[in-house]
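As a basis for the values below, the full set of heavy atoms in this structure was taken, side chains included, without hydrogen atoms, waters or symmetry mates. The chains referred to below are lettered A, B, ... by the order of the sequence lines, with proteins before strands, and numbering in each begins at 1.
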Protein chains: 2
Amino acid sequence: MKKRLTLKLIAKELDVSVSTVSKALRDSAEISEDTRQKIKAFAKLYNYKPNNIALSLKNRKTKTIGVIIPEIVHHYFTTVISGIEQVANEKGYHVIICTSNNSFDKEVINLEILANGSTDGFILSVAKETQQKGDYHHLTEVIEQGMPLVMFDRVIEGINCDKVIIDDMLGAKKAVKHLIEIGCKKIGLITTIDYVSVGKLRTRGYREALKESNIPINEDLILKVEDFDQSELEIQAFLKDKKVDAVFAVNEHFAIYAIKALKEQGLDVPRDVSVIAFTDGELSKRFMPSLTTINQHGEEMGAQAARLLIRKLENDEAEDEPFETIIIETSLVKRNSTKH
Amino acid sequence: MKKRLTLKLIAKELDVSVSTVSKALRDSAEISEDTRQKIKAFAKLYNYKPNNIALSLKNRKTKTIGVIIPEIVHHYFTTVISGIEQVANEKGYHVIICTSNNSFDKEVINLEILANGSTDGFILSVAKETQQKGDYHHLTEVIEQGMPLVMFDRVIEGINCDKVIIDDMLGAKKAVKHLIEIGCKKIGLITTIDYVSVGKLRTRGYREALKESNIPINEDLILKVEDFDQSELEIQAFLKDKKVDAVFAVNEHFAIYAIKALKEQGLDVPRDVSVIAFTDGELSKRFMPSLTTINQHGEEMGAQAARLLIRKLENDEAEDEPFETIIIETSLVKRNSTKH
DNA sequence: TTTCAACACGAAAACGTTTTCGCCATGATC
DNA sequence: GATCATGGCGAAAACGTTTTCGTGTTGAAA
């Protein structure tokens, strides 16, 4: 086991001082051409690499970004991470990921640990439990300590930081308008209960689309799924004898359960019923029929979040600039679960 | 923006020395009950948290684990990460994730950066390109520096380190044997070209299962997909008029393309053809029909890898123990793409 | 009164860097 | 020959900890 090479060791070996070695390696003009060459050659030969921890301590910068997400086993979040990683790596940052498992406590702990020197800033999407609780002291605390924070996807309105979101309302509206355009009149909505902010916004989009097309809103056509684990049954019951000609679901899973339920009723998708899902994941592409969806462009979202964060990190003036909220445009991806 | 509290600041504020503060906070017996209380109260009041970077430098331990995977947008890897995170967090470690994007160069760079002090050890699954190249100097280098390394899933035989793998051959065998048990005689195999080690092993499992059941191996029933992007077409062409009564696919996607192709031929799954896929992901559960699969237990794999690594990190004696290779058992998950 | 242990605390080194400052020798200038 | 700028290097501080060792004060034992 080779010991890691340090400046001190090089210095001892070449019989110069540590400072000389440091300066030589950084091409300081203070050091004569001769010794500089000698030191650099030695360092190269023995593959010297500066210790990041020591640098972090010295510079009070870690060049790493902390990412806290509710869960990693979720295709959408992995696309976001992928986007974050790309721009972060490009700019010489690395990324440290923690999952909150949708638990408030774990979110707080992760934030605290990472804030104690491990990262220069954060990108985070809050846990469900946090959203329910409405307790955001951990977020404000980090911000007060001067650590930049960028929230994405599930953001909290009141918090003073940069944000990247998608226009859930507009996305939902796009979906429903498309359904209307292809001739659907009785459009069901499968959404979540209201405390999930995205569910709420997408529901609003549904309502507005109908209103703008002068279609009366029938509350019987709206299902707010209460329990994720029971969602399949809830959806089955909901669609029973509803005679909808279209369904807009706020996520892939709901859409797929809907299609299954419809099939069991002897209905065909898309012939009898058109279905659109929010969130464009692996499932949508592969399912039969493949799903028409609203794509959220997770990579783009991650990339933008990373850019915002790094801007604040590297730009002293940016610190005082007002906080931005970037809205990522959604797009409709037409596939085979809707009529043409 | 509040300045972060340090020992020095506390010391100045309370008019004692830095060492006293440190000792008091760590409940040293050297410090009188009085001052200890005073210091702890102050620290608590102003929410003092020690700086991790300084601790890392001092202790020469970062309490973080570096994970390098080929890609994060891949359900299987996220389950592994999830497993790693769980046991890591339990033991007070955090996890820093880098993706190699299946590129050799990026794998090398990530490893180097993380090795320069950022992590205590590694868990990694090698990039495809690395496997092709056969260049493992970066791995041996880290090991020589005394950094423990655990490889998982795609492991390299010759490297001296702990490993966690699944028994690809046995898993494939299980699948094919099941197909035989339910009465299938003409079993097709859809696999990858041989340099992907898992593809090779699963192919071998297929062959052995047939051999053990005295079913002659028909090379015409084996498809080695060359180009992932063209896999759907390749599979379509392959299944044309093959008259198989079963298909074993080495991943979900191939299985789904197979099902689609079969359907287009007017065949029903599972009535006419039974299909089993290696890898149990989101798709398998949701697809129609849901897929019978070989589950790889990614979480378990991650958990074991983390345990192996942490053992080496915390146990001085463990350092000299021989390297282990843990084999995770696969299991057959029966769903609706196979006859009962 | 002297000696000593126990107690309570501080100084300093160490982890691996970077950077500021000071020092010494050299050669040029007056 | 005295002065001075310059080049080349080292000492030391700093980042925030922990830990070893030393030291001064106490009260008790001799």
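As a whole-Å value, the separation of B:Ile53 CD1 from C:dT17 P is 14 Å. If you measure from atom CD1 of A:Ile31 to atom C1' of C:dT18, you get 13 Å, rounded to the nearest angstrom. In this entry the distance linking CG of B:Leu14 with P of C:dC9 reads 12 Å, nearest Å. Spacing between atom CG of A:Leu25 and atom C1' of D:dC9 amounts to 15 Å, rounded to whole angstrom units. Here the C1' atom of nucleotide D:dC15 and the CG atom of A:Leu55 are 11 Å apart, to the nearest Å. In this entry the distance linking CZ of B:Arg26 with P of D:dT20 reads 11 Å, nearest Å. Nucleotide C:dC9 holds its C1' atom 13 Å from the CG atom of B:Asp34, rounded to whole Å. Atoms CG (A:Leu5) and C1' (C:dT17) sit 14 Å apart, rounded to a whole Å.
Residue contacts shown for A:Thr6 are limited to sugar-phosphate atoms, with no base heavy atom under 4.0 Å away. Contact annotation for A:Ser28: no contact, since no heavy-atom pair falls under 4.0 Å across all strands.
Between B:Glu321 and B:Arg311 a salt bridge is recorded (basic side-chain N to carboxylate O distance below 4.0 Å). We find that A:Lys40 and A:Asp27 are joined by a salt bridge, their nearest charged nitrogen and carboxylate oxygen being less than 4.0 Å apart.
Each of A:Leu7 and B:Asp15 lies near DNA chain C, and the nucleotide nearest B:Asp15 is the one positioned closer to the 5' end. Across the interface with DNA chain D, nearest-nucleotide mapping of A:Glu30 and A:Arg60 shows A:Glu30 to be the residue nearer the 5′ end. Each of A:Asn51 and B:Ala29 was matched to the nucleotide of DNA chain C holding its nearest heavy atom; the match closer to the 5' end belongs to B:Ala29.
Aromatic ring orientation, A:Tyr46 versus A:Phe42: tilted (interplanar angle from 30° to 60°).
The base of C:dA8 lies outside donor-acceptor range of the side chain of B:Ser32, with no N or O pair under 3.5 Å. Between the side chain of B:Ser17 and the base of C:dA11, no donor-acceptor pair under 3.5 Å is found. With hydrogens and angles ignored, no donor-acceptor pair closer than 3.5 Å exists between the side chain of B:Lys58 and the base of C:dG16. For D:dT17, its base never sits under 3.5 Å from the side chain of B:Lys8 at any donor and acceptor pair.
Between the side chain of A:Asp120 and the backbone N or O of A:Lys63, at least one donor-acceptor pair lies under 3.5 Å. For B:Asn116 (side chain) and B:Glu112 (main-chain N/O), a donor-acceptor pair under 3.5 Å exists by modelled atom type.
Phosphate proximity of C:dT17 to A:Tyr48: present, with a side-chain N or O under 4.0 Å from OP1 or OP2. Between A:Thr35 and D:dC9 there is a side-chain polar atom (N or O) within less than 4.0 angstrom of OP1 or OP2.
Closest contact between the side chain of A:Lys23 and the listed nucleotides D:dG16, C:dG16, C:dT20 involves C:dT20. Closest to the side chain of B:Thr20, out of D:dT18, D:dC15, C:dC9, is C:dC9.
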Walk me through it: do A:Tyr93 and A:Glu314 pass the test side-chain hydrogen bond (donor to acceptor under 3.5 Å, both in side chains)? CA-CA 11 Å; A:Tyr93 284 76; A:Glu314 313 225 305; 2.7 Å; yes

